[in-house]
2 protein chains.
Amino acid sequence: MKDKNTAYKIAILKALKEIRGPAGAARIRERLLASGLKLQPRTVRFYLLQMDREGLTQPVSRRAGRQVTEQGDGELQHTNIIEKVGFVASRIDSLLYRMSYDLRTTTGTIVTNLALIPKSFLMRAVEDMNPVFARRLGMGTRLAIAREGETFGATTVPAEMVALGTVCNVTASGILLKHGIPVTSRFGGLMEIEEGKPVRLTALIEYSGTTLDPLEVFIRARMTRVRDCARTGNGVIGVSFREVPAAAAPEVRRIKKEMERQGLDGILAIGHPNQPLFDIPVEEGRAGLIVSGGLNPVAALCEAHAGVRFHSLHEVEDVARFSDFHVLRDGLRG
Amino acid sequence: MKDKNTAYKIAILKALKEIRGPAGAARIRERLLASGLKLQPRTVRFYLLQMDREGLTQPVSRRAGRQVTEQGDGELQHTNIIEKVGFVASRIDSLLYRMSYDLRTTTGTIVTNLALIPKSFLMRAVEDMNPVFARRLGMGTRLAIAREGETFGATTVPAEMVALGTVCNVTASGILLKHGIPVTSRFGGLMEIEEGKPVRLTALIEYSGTTLDPLEVFIRARMTRVRDCARTGNGVIGVSFREVPAAAAPEVRRIKKEMERQGLDGILAIGHPNQPLFDIPVEEGRAGLIVSGGLNPVAALCEAHAGVRFHSLHEVEDVARFSDFHVLRDGLRG
DNA sequence: ATGCGATACGGCAATCATGCCGTAATGGTT
DNA sequence: AACCATTACGGCATGATTGCCGTATCGCAT
């Protein structure tokens with residue numbers, strides 16, 4: 001390993017490893033796309049061939065493609081250290097690959113956001129979030145509650161506080177990925193809603209160019225109007241803009257329906273192949289996708305009250321920790 | 001004009017036009033770099049040659065390089081319409097090229113930020129900003145005040161309000177540009193300050209990937225601690241991360257001194273060629289540059305009081321509208 | 001006016017990226 | 001068991017980009 005195209009090789013090696021198990025150039029290519037690297041399948045094969053010769057990868061079978069050799073694994077260990085971390089895009093990637101939820105078995109782990117509120121405030125908070133869930137402005141209709149002393153993700157709930165876990169919208173990408181649809185996360189943004197319908201994007205921040213989650217920033221900057229939106233149908237909510245391969249659009253529509261049946265609604269809009277979606281142009285051969293922010297219920301809390309602590313892209317957590325919001329609410333009131 | 005390299009040609013044509021007057025591939029290349037396009041000088045010449053043949057550009061003299069022909073100009077008019085605006089990077093670019101301030105004559109226009117406050121609040125605001133200017137945490141030590149009914153940039157000051165104009169840090173890039181040093185604006189960020197010295201960047205948002213000015217967002221999200229920093233020397237201020245050609249670093253140092261003499265300090269740190277600056281790696285052959293946020297004085301106001309309206313990258317404005325802050329302050333108190 | 005240093009240019013060739021296409025496995029169907 | 005559809009592979013060729021290098025101008029100092 002010496003010159004500049006090494007960067008590509010490393011990226012391909014990494015992608016291949018993340019897929020776990022053998023894969024061909026096409027799949028690797030999609031995976032790379034998701035982290036912002038645009039290479040043609042032929043180009044991927046070109047480098048794979050070189051790496052075969054260097055002993056970093058090896059063919060498994062003509063049909064299945066290649067896998068990473070032990071040596072390639074070692075090379076990765078060695079190189080990864082240099083990686084400039086910190087940007088949200090890589091955090092999304094990492095969480096995406098760690099979640100395991102499967103729509104068919106309805107079990108596994110999902111990606112979560114976390115909010116911390118004083119425990120005395122729990123009932124109020126639930127009432128505040130109720131219209132948001134009722135209007136389906138968040139990612140799904142589920143919520144997890146962790147009491148003081150319990151742990152949720154990487155956090156132990158402090159005394160006198162309650163943790164609210166919401167489903168992060170990265171979960172939507174993860175579910176699609178489990179169905180073989182690679183999703184590229186592009187922007188976090190604010191979507192203006194009129195009469196319950198999304199009308200336009202009013203702000204955008206690219207995931208690959210920020211170290212702060214855009215949604216989190218929008219909420220802190222008080223730029224959302226989720227409460228209004230939940231009450232009147234007009235407001236501004238946080239969303240995420242993504243892309244899927246154009247050919248996968250029909251399947252995305254199918255999966256969207258199934259997700260909704262499982263209380264995991266969140267896909268707000270699906271664009272047409274190569275067509276801009278809400279004025280955002282997409283890459284060649286892809287279609288846009290708008291997903292609601294998993295933090296929207298928390299945004300509603302922040303709009304109404306000061307001192308709500310939260311952060312998004314928190315951790316992966318077993319889906320069993322989550323209950324249907326309305327059931328939970330009835331339970332708390334009962 | 002037909003295929004895909006058209007995009008390059010257009011970009012080169014545009015760069016050449018923005019330089020106004022004839023230029024060679026090297027200068028064009030730097031200009032392109034500033035808008036995120038990385039082409040080697042040879043490549044630029046390659047396309048220039050094609051455009052010569054198409055009649056879009058023409059050589060002026062062997063020494064001076066080429067210029068845009070009338071036909072090329074027409075082509076630009078025609079094509080520019082498609083440009084997808086909205087991202088901060090292009091707004092920065094546009095303001096950069098519209099400002100005209102010249103360090104030697106100390107006249108011309110500079111890029112401004114604008115804040116609106118109730119006029120009854122003016123004296124308080126001036127006192128709040130005083131320590132910020134005293135510690136040189138902003139961009140320069142100048143301020144403009146516009147009373148109700150007056151106009152400042154594109155804004156007419158509403159009744160009962162006062163407008164405060166601060167020098168936007170894009171001005172620093174503009175000044176360097178006038179000296180032939182092309183500056184690439186990369187990130188807006190938050191810089192932690194300890195004992196008056198910058199220690200680390202705690203957040204970054206790339207200009208090319210956001211439709212909101214990062215600094216503006218940080219202030220609204222209450223993530224700055226400019227007041228603390230002004231009073232104790234420890235805090236968090238807004239900054240901008242840029243890059244200049246490595247070879248220009250010494251001249252930047254010289255210009256920095258001259259800027260300070262003219263009450264336009266703002267350059268916080270200059271990196272070494274090809275070396276990361278505060279852990280941010282730079283492009284090959286470039287050096288990093290940290291410039292303080294022109295909005296920092298305004299941030300101090302926002303930290304102390306609610307209801308300050310402001311926005312950055314406002315407009316270009318004649319430098320004569322600005323006075324030295326301390327003189328202004330004495331005048332108001334006297 | 002003569003020479004020096006800087007800058008610009010474009011021919012030529014090497015390198016990189018990728019389109020085209022024929023071939024090889026593999027799983028599933030009939 | 002024969003066949004089909006799918007997926008992967010790599011040789012070959014083309015187009016895009018860029019490095020190398022010799023040459024042409026121009027401004028300025030001597």
Side-chain angles (χ1 to χ4, degrees), chain A residues 1-12 15-16 19 21-33 36-54 56-68 180-182 245 247-248 251 283-285, chain B residues 1-12 15-16 19 21-33 36-54 56-68 180-182 245 247-248 251 283-285:
Chain A
M1 311 273 269
K2 60 251 131 146
D3 52 330
K4 78 167 201 183
N5 42 16
T6 299
Y8 284 169
K9 291 194 197 171
I10 294 291
I12 292 171
L16 185 52
I19 292 172
R27 210 173 354 244
I28 293 178
R29 188 266 182 126
E30 292 293 357
R31 181 68 201 81
L32 285 174
L33 220 44
L37 201 53
K38 279 169 241 162
L39 294 180
Q40 301 311 310
R42 182 64 189 86
T43 311
V44 173
R45 283 201 295 277
F46 175 74
Y47 286 111
L48 279 172
L49 189 57
Q50 289 185 27
M51 289 197 286
D52 280 353
R53 288 176 187 145
E54 292 170 30
L56 304 181
T57 55
Q58 70 191 164
V60 174
S61 81
R62 189 79 195 214
R63 179 68 184 273
R66 291 175 171 86
Q67 68 185 179
V68 181
I181 303 172
E251 199 183 345
E283 293 289 326
E284 179 64 25
Chain B
M1 310 273 271
K2 61 256 132 151
D3 49 335
K4 79 164 203 185
N5 43 15
T6 299
Y8 285 168
K9 291 194 197 171
I10 294 291
I12 291 171
L16 185 52
I19 292 173
R27 208 166 5 235
I28 293 178
R29 188 266 181 124
E30 293 293 357
R31 180 68 200 81
L32 285 173
L33 220 44
L37 199 54
K38 279 169 239 161
L39 295 180
Q40 300 311 310
R42 183 66 188 85
T43 312
V44 174
R45 283 201 295 275
F46 175 76
Y47 286 111
L48 279 172
L49 189 57
Q50 289 186 27
M51 288 198 286
D52 279 353
R53 288 175 188 146
E54 292 170 31
L56 304 181
T57 55
Q58 68 190 167
V60 174
S61 81
R62 188 79 193 217
R63 178 67 186 275
R66 290 173 172 87
Q67 67 185 177
V68 181
I181 302 172
E251 199 183 345
E283 292 290 327
E284 180 65 25

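FYI, side chains are in, hydrogens and waters are out, and symmetry mates aren't considered; it's all heavy atoms of this structure. Residue numbers begin at 1 in each chain, while the letters A, B, ... track the order of the sequences.
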Problem set entry | Residue A/Arg42, side-chain atoms from C-beta onward, closest of C/dG10, D/dC9, C/dT18 | C/dT18
Seminar exercise, completed: Among C/dA6, D/dC9, C/dG10, the one nearest any side-chain atom of B/Leu49 is C/dG10
Problem set entry | A/Arg45 side-chain proximity, nearest of C/dG10, D/dT6, D/dG10 | D/dG10
For this session: Check whether the side chain of B/Arg62 and the base of C/dG10 form a donor-acceptor pair under 3.5 Å.
Result: no
Exercise. To the nearest angstrom, how far is A/Leu48 atom CG from D/dC9 atom P?
Worked result: 7 Å
Problem set entry | Interatomic distance where CG belongs to B/Asp52 and P belongs to C/dC9 [whole Å] | 9 Å
Exercise. Hey, are the side chains of A/Ile12 and A/Thr57 touching, using non-hydrogen atoms and a 4.5 Å cut-off?
Worked result: no
Problem set entry | Distance in angstrom units between A/Arg29 CZ and D/dA8 C1', rounded | 15 Å
Exercise. Can you tell me how far P of C/dC9 sits from CE of B/Met51, to the nearest Å?
Worked result: 11 Å
Seminar exercise, completed: A/Ile12 CD1 to D/dA8 P, in whole Å, measures 15 Å
Exercise. For the residue pair B/Ala15 and B/Arg31, what are the closest heavy atoms and their distance?
Worked result: CB-CG, 3.7 Å
Problem set entry | Phosphate-side-chain proximity, B/Ser61 and D/dT25, N/O vs OP1/OP2 below 4.0 Å | no
Problem set entry | Close side-chain approach of B/Glu30 and B/Arg27, heavy atoms under 4.5 Å | no
Seminar exercise, completed: Between CZ of B/Arg66 and P of C/dT7 the distance, given in whole Å, is 17 Å
Exercise. Is the closest side-chain heavy-atom distance between A/Val68 and A/Met51 below 4.5 Å?
Worked result: no
Problem set entry | Rounded distance in Å - CD (B/Gln50) to C1' (D/dG15) | 11 Å
Exercise. So which heavy atom on B/Pro22 is nearest to which on B/Val60, and how close?
Worked result: CB-CG2, 3.6 Å
Seminar exercise, completed: Residue pair A/Leu39/A/Arg63 against DNA chain C: nearer the 5' end by closest nucleotide is A/Leu39
Exercise. In whole angstrom, what separates A/Arg27's CZ from D/dT6's P?
Worked result: 15 Å
